Amino acid sequence: MPRTITEREPEVRYEPQRIEQKWAERWAADPSLYAADDPAAITASGGTPKPKYYVLEMLPYPSGALHMGHVRNYAIGDALARHMWMKGYNVLHPMGWDSFGLPAENAALKNNREPREWTLSNIAAMKRQMHRLGFAYDWANEVTTCLPDYYRWNQWFFLKLYEHDKVYRKKSKVNWCPECATVLANEQVVNGCCWRHETTPVEQRDLEQWACRTTDYSDELLDGLDKLEGWPEKVRTMQRNWIGRSKGAEVTFKLEDVPAGAAQDVTVFTTRIDTIYGATSVQLAPEHPVVKALAEQDSKLRAEVDAMIAEQKQAKQTGDIGTLEKHGVPTSAVAVNPFNGERIPVWVANYILMDYGTGAIMSVPGHDERDFEFATKYGIAIRRVIAAAIPEQDTELPFIAKDGLLVNSDEWNSLTCAEALQKMVARAEDKGFGNPKVTYRLKDWGISRQRYWGTPIPMIYCDDCGIVPVPESDLPVLLPPQVDLTLTGGSPLGRVPEFVNVPCPKCGKPGRRETDTMDTFVDSSWYFYRYVDAHNSTAPFDSAKANYWFPIDQYIGGVEHAILHLIYSRFWTKFMRDLGLIKNDEPVTRLFTLGMVLKDGGKMSKSLGNVVSPDEMVARFGGDATRAYTLFATAPDREMDWQDAGVEGVQRFLSRAYRYVARNANGEDAAWRAEANVPVSDDLSAEARALRRKLHQTIKRISDEFAGRWHFNTCIAAIMELVNAMYAAEDAASQSKVTIPVTVVAEAMRNVTLLLHPFAPYVAHEMWEMLGESSNLLKAPWPKYDAELAKEDEVEIPIQINGKLRSKILVAPDATDDAMREAALADQRVVAAMEGKQLVKAIVVKGKLVNLVLR
RNA sequence: GCCGGGAUGGCGAAAUCGGCAGACGCAGCGGACUUAAAAUCCGCAGACCCGCAAGGGUUGUGGGGGUUCAAGUCCCCCUCCCGGCACCA
C-alpha cells in the first residue's frame with residue numbers, strides 16, 4: 001500500500017514572501033556582498049589570482065517599472081553571474097540607468113514634474129523591483145547617466161573628440177521628427193519614420209549639427225566583425241549591411257549641351273567599371289546639381305523633376321522606395337564615355353538616389369536588371385559586353401555573371417571581369433578621368449539634439465573667436481533646473497538666459513553657449529567602462545582597472561540594439577583606444593541576444609492590454625518563481641510566450657524542493673549534521689545508488705549547459721527530475737523496506753541547493769541554511785560530477801527490425817557489439833519476427849541501439 | 001527581392017554528433033487524503049484502429065521529393081510566420 005500523505009507531510013509550507021523578505025533584508029545589510037575584488041589588491045596579494053569575469057546586462061531606461069523583457073534579461077545574466085561566482089571567478093556584475101531621454105520631458109509636460117525628479121523616483125522604484133527579484137548587482141558601482149558625475153565625462157569626451165577632429169559642425173539635411181521636435185540620427189529613422197513615433201514621418205531640414213566621425217572607423221568597424229566570433233552571426237550581418245561597404249570606382253563623363261553656368265562633367269560611381277563599354281546612358285538623381293541647372297532652363301523638365309523628388313520623398317516615408325515603378329525623363333545633355341568617346345544620352349531617373357554614391361550612374365542595361373528594365377521601357381540601346389567563359393552558359397540579357405570575359409570592349413576584349421576591373425581603373429586614374437573609390441552606407445553620427453534632458457554640449461560661440469570649447473576645468477556644464485519644456489522646436493536650453501549667456505573663455509567678451517544636448521546614445525556608448533571605477537572624479541575611469549576588466553566577457557541584451565548601441569559603442573571603444581585610455585579594440589567578447597517576451601503570440605503592449613506586470617507575478621508566486629519561469633519557459637535565445645500558469649508550475653516545483661529539505665534536513669542539530677557529513681559508503685542499496693546516479697547525471701547536464709548552450713529551460717527541467725527522483729527514492733525505499741542513508745539524502749539535498757542557486761537564489765539560500773551550512777552560498781564551490789557514479793548499471797536498448805521499434809533489451813552500458821547482437825537475436829519477439837525471414841544485416845550502435853535488417 | 005530565425009501533442013516545449021519523437025511543465029482525466037474545498041500525494045495520457053483486458057497494429061515533427069539499415073535532425077523543391085535590409089549603382 002502506498003504510504004499516506006499525512007505521515008509524510010507535516011505542516012511544512014513554502015512561503016516565498018516570508019523567505020524572500022528575510023534574505024532581501026540580509027543581503028541589503030551587506031553592500032559588499034556582490035562587489036568584485038579590486039584588481040590592484042589582487043596583484044598586491046601575490047597569490048594565484050582568480051580569473052576575471054565581466055558579465056553585463058544592457059542597462060534599462062528608467063521608465064518607471066520593469067517589464068518582463070527586463071526580468072528575463074536579468075534572470076539570464078544573474079544566473080550566469082552566480083554560476084561564475086561559484087566557479088571561483090572574480091565577477092563584475094554591475095547595473096545602472098540609461099536615464100537621459102525624451103520620456104522624462106514628456107512626463108514633465110504631462111504631469112508637471114521635473115525630469116530629474118521623475119527619473120530619480122523611477123530609478124528608486126525599479127531598483128526596488130530588482131532587489132525584490134534577488135538580482136546580485138554590485139550597487140556600489142551603480143551608474144546613473146543623468147547625474148553630473150557621469151555626464152561631465154560625456155562632456156570631457158566631447159572635448160577630446162573635438163580636439164582630435166572626431167566631432168565637427170556639419171551643415172546638411174537632417175532627419176527631423178516633428179513629434180520629438182528634434183533631430184534624429186540616420187540609425188533612429190525606421191521606414192522613414194521616427195524610431196519612437198513609428199507613424200510620424202521624418203522631415204528633412206537644413207541644419208548645422210554636431211556630428212561624430214564614425215566613418216573614420218568604417219573599415220575597422222566592418223573588418224573587426226570577422227573577429228567577433230562570440231557574437232551572433234545575425235548581429236554581425238546586420239552591422240555589415242548597415243556599414244554597407246562597396247568597392248568600386250568613380251568615373252567622370254564630360255558633358256555636352258549643358259548650360260554655361262552648370263558643371264561641364266558628371267562623376268558616376270560604379271562597382272563594375274569593366275562593363276563601361278555597355279553604358280548606353282547616364283542616369284542622374286532628380287536632386288543632382290546638374291539636373292538642377294538643366295531644369296532652370298526648361299520649365300517642363302523642372303516640373304517633372306520636382307514631381308520625381310516629391311515621389312522619392314513620399315516613397316521613403318512609406319518604405320516603398322525600392323518597389324517604385326522605374327521612370328525617367330530625357331534631358332538635352334549628352335555625356336561622353338571617356339573610354340571610347342561614345343556620346344550617350346543623359347536622363348533623370350526616379351531610381352537614382354542622391355544620398356548614395358555620387359547620385360549619378362552609368363546605365364549598363366545589358367548587365368544590370370534595373371538598368372535593363374529602364375532601357376527596355378524607353379527604348380534605350382542594350383549591349384552585351386560580358387560573355388560567359390563557356391559560351392553555352394550565356395543566358396539572355398541582362399546577364400549578370402561576374403566571372404565572364406569582356407566582349408565588344410575594344411582592347412579590353414577577352415580579359416576576365418576581375419582583370420578588367422583592375423586594369424580599367426588603373427587606366428582611368430592614369431588618364432585622370434577616374435579613380436578607385438570605396439563607398440559606405442554608414443554616415444557620420446549626428447549627435448546634436450534640440451532637447452533639454454540630455455548632456456549639454458560643452459561649446460561656446462563667440463563673435464570674435466568662433467567656436468570655443470569649454471575649458472576642461474570648467475566641467476561639468478550643469479543642466480539648469482526648472483526649464484520650460486514646451487515643444488516649440490527650438491532647444492529648450494535656449495530659453496534660459498543664465499545658461500546661454502557666458503563670457504567667451506578665450507577673450508572674455510560675451511558669448512553664447514551651445515544649447516543643444518547630446519544624443520542619449522552617447523551615454524550608452526561607454527557606460528560600461530564607468531562601472532569599473534564609478535566614483536572616479538579625476539578621469540572617466542582608471543585605465544589600469546579598465547584594462548583588467550575589459551573586454552566584457554559576456555554582454556546580454558535585446559537584438560533591437562544590434563545596430564545603434566552596438567555600433568556606437570564599438571566606435572567609442574576604438575576612439576578611447578586611440579586616445580590611449582584602453583588597450584582593447586572591441587568592448588565585448590561575447591554577445592548574447594535574448595528572444596522577446598510575447599503574450600498570446602503577440603508583443604506585450606499597453607495598447608493591446610496584454611502586459612504582464614512583474615510586480616503582480618512576484619506578489620502571487622514570489623521572485624524566485626517569476627525569474628525562474630522566464631528561464632524555464634523556453635531557451636533564452638528564443639521568443640517566449642508568457643503563461644501565468646507556467647509560473648505557478650515553477651512555484652510548485654520550488655515548493656517541492658523546499659519541503660523535501662525542510663522535512664529531511666535538521667541543520668540545527670549537530671548530531672544530524674555529523675551524520676549527514678559522513679562520507680558516503682560504497683555499500684548502498686540499489687535505490688540509494690540510483691539516486692546518486694541521477695544526482696551526478698544532473699550535475700553534468702547543468703554544468704554542460706552553463707559551459708555551452710545556456711538552455712536553462714532544460715537545466716530547470718533536470719532539477720525537477722532530480723527532485724522527483726528524490727521523492728521517488730524515498731517512496732521506493734519505504735516500500736521495499738530499505739533505508740537510504742542520511743549521507744546520501746544530505747548529499748542530494750546539498751547539491752540540489754547548489755544547482756538551484758543560480759535560478760532561484762532566495763529559496764536556495766533558505767535551503768542552504770536549513771542544511772546547517774553557514775558558508776556563503778554565493779561562493780560555495782560549484783559541484784563536480786563523478787563520471788563513475790553517473791554511469792548506468794544497465795541501459796535499455798531499443799531493438800529495431802527494418803528500422804521500426806520492435807522490442808527492448810537490457811544490457812550493460814559497455815556491452816560489446818557482439819554481446820548486444822546476441823542479446824537482440826535471443827529476444828523472444830525478435831525470434832518471432834524472424835520466422836521465415838533472413839537476417840541480411842545487423843547494425844549495432846554501442847550503448848544505443850540494435851537494428852536488424854530482415855528480408 | 002535579398003539575408004537571418006522559426007513551424008514538433010489541447011498548450012509552453014525537449015530531443016547537444018543521423019539512432020527509442022514528445023523529457024520537464026501547464027491544462028485534462030482517474031485515484032488517495034478531506035464532512036467539503038484548497039493544498040498535497042500517487043497514477044494515466046500524441047492520434048487512429050483491433051481487443052473485455054493484458055496487449056497488439058497503423059500512423060505521426062508545416063507540405064512534396066530524395067539520401068540512409070535508420071531522418072524532427074542531412075540534401076533538393078514548396079507554403080506560411082517572425083526579425084532585419086532593400087532601386088546601394
Side-chain angles (χ1 to χ4, degrees), chain A residues 1-6 8-9 12-13 232-238 240-242 244-246 248 268-272 283 312 315 319-326 349-353 355-364 368-371 373-374 439-441 559-560 562-563 595-596 598 601 603 629 632-635 637-650 652-653 655-656 659 701 704-705 708-709 711 713-721 724 727-728 731 796-805 808 840-843 845 847-854:
Chain A
M1 283 303 289
R3 74 234 161 338
T4 60
I5 304 317
T6 38
R8 232 181 66 154
E9 294 288 325
V12 193
R13 292 189 60 161
E233 195 48 51
K234 178 185 181 167
V235 173
R236 296 200 279 170
T237 306
M238 284 166 75
R240 281 190 193 105
N241 291 341
W242 189 262
R245 180 165 67 194
S246 175
V268 304
F269 173 71
T270 177
T271 54
R272 294 298 302 273
Q283 302 288 344
Q312 282 192 343
D320 291 336
I321 199 137
T323 56
L324 281 184
E325 198 191 323
K326 289 175 191 35
N350 70 334
Y351 69 101
I352 309 302
L353 307 172
D355 56 8
Y356 186 78
T358 60
I361 65 155
M362 59 177 207
S363 175
V364 184
D368 180 285
E369 275 179 55
R370 293 158 301 168
D371 295 347
E373 189 185 330
F374 192 87
T439 298
Y440 301 89
R441 191 183 171 282
V559 74
E560 65 273 19
I563 294 175
M596 276 202 305
L598 307 177
K603 220 170 176 171
Y629 170 67
F632 177 66
T634 187
D637 56 345
R638 307 220 340 174
E639 281 183 349
M640 138 179 198
D641 196 53
W642 187 273
Q643 296 187 350
D644 287 4
V647 194
E648 201 175 337
V650 172
R652 270 203 282 269
F653 152 65
S655 168
R656 243 165 103 77
R659 280 179 289 115
R701 272 177 77 179
D704 288 350
E705 284 298 344
R709 306 183 307 171
H711 284 196
N713 52 332
T714 63
C715 292
I716 293 171
I719 304 174
M720 286 172 171
E721 283 184 57
N724 289 347
Y727 277 90
D731 217 21
E796 197 183 48
I797 297 292
I799 310 296
Q800 295 180 343
I801 290 174
N802 294 335
K804 294 199 174 191
L805 180 68
K808 289 181 178 182
V840 180
K841 202 172 176 189
I843 285 129
V845 184
K848 279 272 167 70
L849 124 165
V850 176
N851 187 13
L852 303 171
V853 185
L854 301 185

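Residue numbering restarts at 1 for every chain, and letters A, B, ... go by the order of the sequence lines. The shown structure was predicted, so the numbers you read here are calculated from the model rather than taken from an experiment.
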Side chain to side chain contact (heavy atoms under 4.5 Å, CB included) partners of [X], counting only residues at least two apart:
X      : value
A/K841 : A/I843, A/V853
A/E721 : A/K694, A/R701
A/A633 : A/Y629, A/M640

Q.
Can you list everything that forms a ring-ring contact (aromatic ring centres under 6.0 Å, His included) with A/Y440? Sequence neighbours excluded, please.
A.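 Residues passing ring-ring contact (aromatic ring centres under 6.0 Å, His included) with A/Y440: none at all.
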Checklist line | Listed partners of A/F653 passing ring-ring contact (aromatic ring centres under 6.0 Å, His included), at least two apart | finding: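 With sequence neighbours excluded, A/F653 shows a ring-ring contact (aromatic ring centres under 6.0 Å, His included) to no residue whatsoever.
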Does B/C17 adopt a syn or an anti glycosidic conformation, taking syn as a chi angle within 90° of 0?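 Because its glycosidic torsion lies within 90° of 0, B/C17 adopts the syn conformation.
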Judged by whether its glycosidic angle lies within 90° of 0, B/G9 is syn
Which whole number of Å gives the distance between the [atom1] atom of [N] and that of [M]?
N     : M     : atom1 : answer
B/C78 : B/G22 : P     : 33 Å
B/G10 : B/A47 : C1'   : 12 Å
B/G18 : B/C29 : C1'   : 37 Å
B/G9  : B/C52 : C1'   : 28 Å
B/G31 : B/G25 : P     : 22 Å
B/A45 : B/G30 : P     : 15 Å
B/G66 : B/C81 : C1'   : 26 Å
B/C3  : B/C77 : P     : 12 Å

Minimum heavy-atom distance [X]-[Y], with the two atoms named:
X      : Y      : answer
A/P798 : A/L805 : CB-CD1, 3.5 Å
A/Y351 : A/Q283 : OH-CG, 3.9 Å
A/E639 : A/T634 : O-CG2, 3.5 Å
A/D371 : A/M362 : OD2-O, 4.0 Å

Could you state the [atom1]-[atom2] distance from [X] to [N], rounded to the nearest angstrom?
X      : N     : atom1 : atom2 : result
A/E560 : B/C85 : CD    : P     : 13 Å
A/I563 : B/G83 : CD1   : C1'   : 11 Å
A/K234 : B/G4  : NZ    : P     : 12 Å
A/M596 : B/G5  : CE    : C1'   : 12 Å
A/M238 : B/G4  : CE    : P     : 14 Å
A/D371 : B/C88 : CG    : C1'   : 13 Å
A/I361 : B/A89 : CD1   : P     : 11 Å
A/E648 : B/A39 : CD    : C1'   : 11 Å

How would you label the contact of [X] with the nucleic acid (heavy atoms, under 4.0 Å): base, sugar-phosphate, or nothing?
X      : answer
A/I352 : base
A/Q312 : nothing
A/G646 : nothing
A/N724 : sugar-phosphate
A/L353 : base

Q.
By nearest atom, which of the nucleotides B/A89, B/G25, B/C42 is closest to the A/D731 side chain?
A.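 Of the candidates, B/C42 comes closest.
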Per atom distances to the A/A645 side chain, the nearest of B/C26, B/U40, B/C42 is B/C26
Please determine whether a side-chain nitrogen or oxygen atom of [X] lies at a distance below 4.0 Å from atom OP1 or OP2 of [N].
X      : N     : value
A/N241 : B/C88 : no
A/R652 : B/C26 : yes
A/R240 : B/G84 : no
A/T237 : B/G84 : no

### Task
Establish whether the base of B/C20 is bridged to the side chain of A/K808 by a donor-acceptor pair shorter than 3.5 Å.
yes
Heavy-atom nearest nucleotide on RNA chain B taken for A/A718 and for A/G357; more 5' hit belongs to A/A718
Given protein heavy atoms under 4.0 Å, the one-letter contact record of nucleotides 10-16 of chain B, with B base, S sugar-phosphate only and - none, is simply -SBSSSB
**Q.** A/E325: partners by side-chain hydrogen bond (donor to acceptor under 3.5 Å, both in side chains), with sequence neighbours left out
**A.**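 side-chain hydrogen bond (donor to acceptor under 3.5 Å, both in side chains) list for A/E325, sorted by chain: A/K377.
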For A/N713, the side-chain hydrogen bond (donor to acceptor under 3.5 Å, both in side chains) test, sequence neighbours excluded, returns none
Close N or O pairs between protein and nucleotides 69-71 of chain B (under 3.5 Å):
unit_1	atom_1	unit_2	atom_2	d
B/C69	O2'	A/N851	ND2	3.2
B/C69	O2	A/N851	ND2	2.5

Exercise. Can you check whether A/L854's main-chain N or O pairs, donor with acceptor, with A/N802's side chain at less than 3.5 Å?
Worked result: yes
Here the gap from A/I361 atom CD1 to A/T271 atom OG1, rounded to the nearest 0.5 Å, amounts to 10.5 Å
What distance do A/N724 atom CG and A/I719 atom CD1 have between them, rounded to the nearest 0.5 Å?
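These two atoms lie 12.0 Å from each other.
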Taking the side chain as C-beta and beyond, is there a heavy-atom pair between A/V650 and A/I716 under 4.5 Å?
->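 SC-SC contact between A/V650 and A/I716 ruled out.
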Report each atom pair, protein N/O against N/O of nucleotides 57-62 of chain B, whose distance is under 3.5 angstrom.
unit_1	atom_1	unit_2	atom_2	d
B/U59	OP2	A/K804	NZ	3.0

**OP:** Please list, chain by chain and in numerical order, all residues satisfying salt bridge (charged side-chain N to carboxylate O under 4.0 Å, His left out) with A/D368, sequence neighbours excluded.
**Re:**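 Only A/R370 meet the salt bridge (charged side-chain N to carboxylate O under 4.0 Å, His left out) criterion with A/D368.
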With both pairing distances under 3.5 angstrom for Watson-Crick or G-U wobble, and | for a partner in another strand, the correct string for RNA chain B is (((((((..(((......[....))).(((((.......))))).(((((....)))))..(((((..]....))))))))))))....
- prompt: Hey, does the Lys NZ or Arg CZ of A/K326 hover above the aromatic six-ring of A/F374, less than 6.0 Å from the centre and inside 45° of the axis?
  reply: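 Pair A/K326/A/F374 does not count as cation-pi.
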